[in-house]
Protein chains: 2
Amino acid sequence: MKAQSASALPAIQSAIRAVGSRVTPARVRVLAALQAAPGPQSHADVEETLTRQAHPAVDRVTLYRVLDWLCAAGLAHKATDARGVFRFSAAAPNVEHAGHVHFRCTGCGGVFCLKAPPPAPPKLPRGFRLAAVAFDIRGECPRCVKSHA
Amino acid sequence: MKAQSASALPAIQSAIRAVGSRVTPARVRVLAALQAAPGPQSHADVEETLTRQAHPAVDRVTLYRVLDWLCAAGLAHKATDARGVFRFSAAAPNVEHAGHVHFRCTGCGGVFCLKAPPPAPPKLPRGFRLAAVAFDIRGECPRCVKSHA
DNA sequence: CACTAAATGCAACGTTGTTGCATCGGCAAC
DNA sequence: GTTGCCGATGCAACAACGTTGCATTTAGTG
């Protein structure tokens with residue numbers, strides 16, 4: 001895991017530089033954490049991950065700003081979990097996220113991406129303007145099903 | 001509008017009594033406010049509505065508890081708006097809300113119910129347990145489209 | 001190295017929602 | 001009509017999530 005993130009560092013740095021902004025430790029570490037994560041991470045998840053890294057902890061506010069900046073730069077995506085909390089995931093260059101299908105665990109709040117294609121949006125009444133569709137499926141992930149069985 | 005809510009009061013009181021709980025001013029006023037509202041109301045919306053009513057204001061915590069109680073009693077429904085904030089709507093006795101399709105306005109945060117039936121849920125990977133599906137459609141409602149045109 | 005704009009850290013605040021506990025008041029029984 | 005119980009309310013405090021303002025630091029440039 002450590003070797004993997006280390007090997008991805010140059011790619012991360014050049015990705016940030018390509019957007020035309022400064023390469024800072026906070027941005028690199030946050031993006032690396034998102035890329036190494038198994039699924040969409042909440043602000044608290046990322047903060048905990050970074051705090052465990054011996055490096056000086058990243059400020060809570062800075063983390064919010066970095067995450068928002070990553071989204072604005074197109075390097076990450078923002079979604080909400082089952083409790084309405086924002087979750088962030090690293091943008092995979094070749095993955096289409098528009099109209100993605102998500103499974104949201106009501107136990108741990110985790111978000112899982114499903115392979116199934118999203119269904120077609122229904123007809124809207126006159127005057128409504130469509131921006132995005134999200135087919136959200138709620139339930140419990142295998143871990144949570146087992147944990148309280 | 002006043003005449004309408006006044007005429008609905010007995011119905012509200014008997015509906016609450018039918019659930020087998022006490023008829024209190026807070027519950028009656030909150031349910032009346034939900035029924036009179038043009039769409040799903042956030043906690044803040046309801047609080048503002050009640051504060052404007054000359055009657056003594058309902059406590060913030062009581063309002064949360066009443067709203068949750070109305071949902072538990074089946075007299076109201078709970079959903080989240082585009083910002084992840086809970087919104088409550090009076091339950092229409094003959095409307096099926098399971099698997100409902102919602103349109104959420106990113107401008108005003110409003111929630112609109114669509115008539116279209118929800119699509120069938122896709123196959124889940126092994127171990128996942130399905131609880132609910134929600135086909136969320138985001139965009140702008142006619143009012144917001146016009147307002148900033 | 002020095003400079004400057006951008007990024008960070010810190011503090012404080014705002015909103016949304018919850019919990020614990022003392023008090024009040026529907027409603028039923030007498 | 002009065003009494004009394006238990007549910008409902010009000011109050012205070014707390015917790016999670018997110019934002020804003022401002023002083024300080026730092027990445028990148030000349």
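Proteins come first, then strands; the chains are lettered A, B, ... in the order of their sequence lines, and each starts at number 1. FYI, side chains are in, hydrogens and waters are out, and symmetry mates aren't considered; it's all heavy atoms of this structure.
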Legend entry - Whole-Å gap separating P (dA16(D)) and CZ (R83(B)): 21 Å
Inset, instruction - Write out all pairs satisfying salt bridge (Lys or Arg N to Asp or Glu O under 4.0 Å) with one or both partners inside residues 52-63 of chain B, taking only residues at least two apart or from two chains. - result: E48(B)-R52(B)
Legend entry - Upstream residue (5' side of DNA chain D) when V66(B) and K78(A) are each assigned their closest nucleotide: V66(B)
Legend entry - Length of the line joining I16(B):CD1 and dG7(D):C1', which is rounded to integer Å: 14 Å
Inset, instruction - Sequence neighbours left out, what pairs pass ring pair (Phe, Tyr, Trp, His ring centres under 6.0 Å) with at least one residue falling in residues 44-73 of chain A? - result: H43(A)-Y64(A)
Legend entry - Joint hydrophobic cluster, V19(B) plus I16(B), side-chain heavy atoms closer than 4.5 Å: yes
Legend entry - Rounded distance in Å - CG (D68(A)) to C1' (dT20(D)): 13 Å
Inset, instruction - For L67(A) and dT8(C), give me the distance from atom CG to atom C1', rounded to whole Å. - result: 14 Å
Inset, instruction - Select from S42(B) and R27(A) the residue whose nearest nucleotide in DNA chain C is closer to the 5' end of that strand. - result: R27(A)
Legend entry - Whole angstrom value for the distance that separates P of dA16(D) from CZ of F86(B): 16 Å
Inset, instruction - Figure out the CG/P separation between D45(A) and dA16(D), and round it to whole Å. - result: 14 Å
Inset, instruction - Would you please name every residue forming a side-chain hydrogen bond (donor to acceptor under 3.5 Å, both in side chains) with T49(B), sequence neighbours left out? - result: none
Inset, instruction - Please list residues of residues 56-65 of chain B whose heavy atoms come under 4.0 Å from any atom in DNA chain C, ordered by number; otherwise none. - result: R60(B), V61(B), Y64(B), R65(B)
Inset, instruction - Hey, could you give me the CZ/SG distance between R104(B) and C141(B), rounded to the nearest 0.5 Å? - result: 14.5 Å
Inset, instruction - Test the K78(A)-F88(A) pair against the cation-pi criterion, namely NZ or CZ under 6.0 angstrom from the six-membered ring centroid and within 45° of the ring axis. - result: no
Inset, instruction - Measure the distance from CH2 on W69(A) to P on dA6(C) and round it to the nearest whole Å. - result: 13 Å
Legend entry - Whether T62(A) side chain and V58(A) backbone form a donor-acceptor pair below 3.5 Å: no
Taking only distance into account, with no hydrogens and no angle test, what donor-acceptor pairs under 3.5 Å do side-chain atoms of residues 20-29 of chain A form with protein atoms, sequence neighbours excluded?
residue, atom, partner, partner atom, Å
T24(A), OG1, R27(A), N, 3.4
R27(A), NH1, R22(A), O, 3.0
R29(A), NE, Q53(A), OE1, 3.3
R29(A), NH1, P56(A), O, 3.0
R29(A), NH2, L50(A), O, 3.1
R29(A), NH2, Q53(A), OE1, 3.3

Inset, instruction - Rounded to the nearest angstrom, tell me the gap between atom CD in E47(A) and atom P in dC10(C). - result: 12 Å
Legend entry - Ion pair check, D81(B) and R87(B), cut-off under 4.0 Å: yes
Inset, instruction - Between protein and nucleotides 24-30 of chain C, map the contacts as a letter string: B base, S sugar-phosphate only, - none, heavy atoms under 4.0 Å, written 5' to 3'. - result: -BBS---
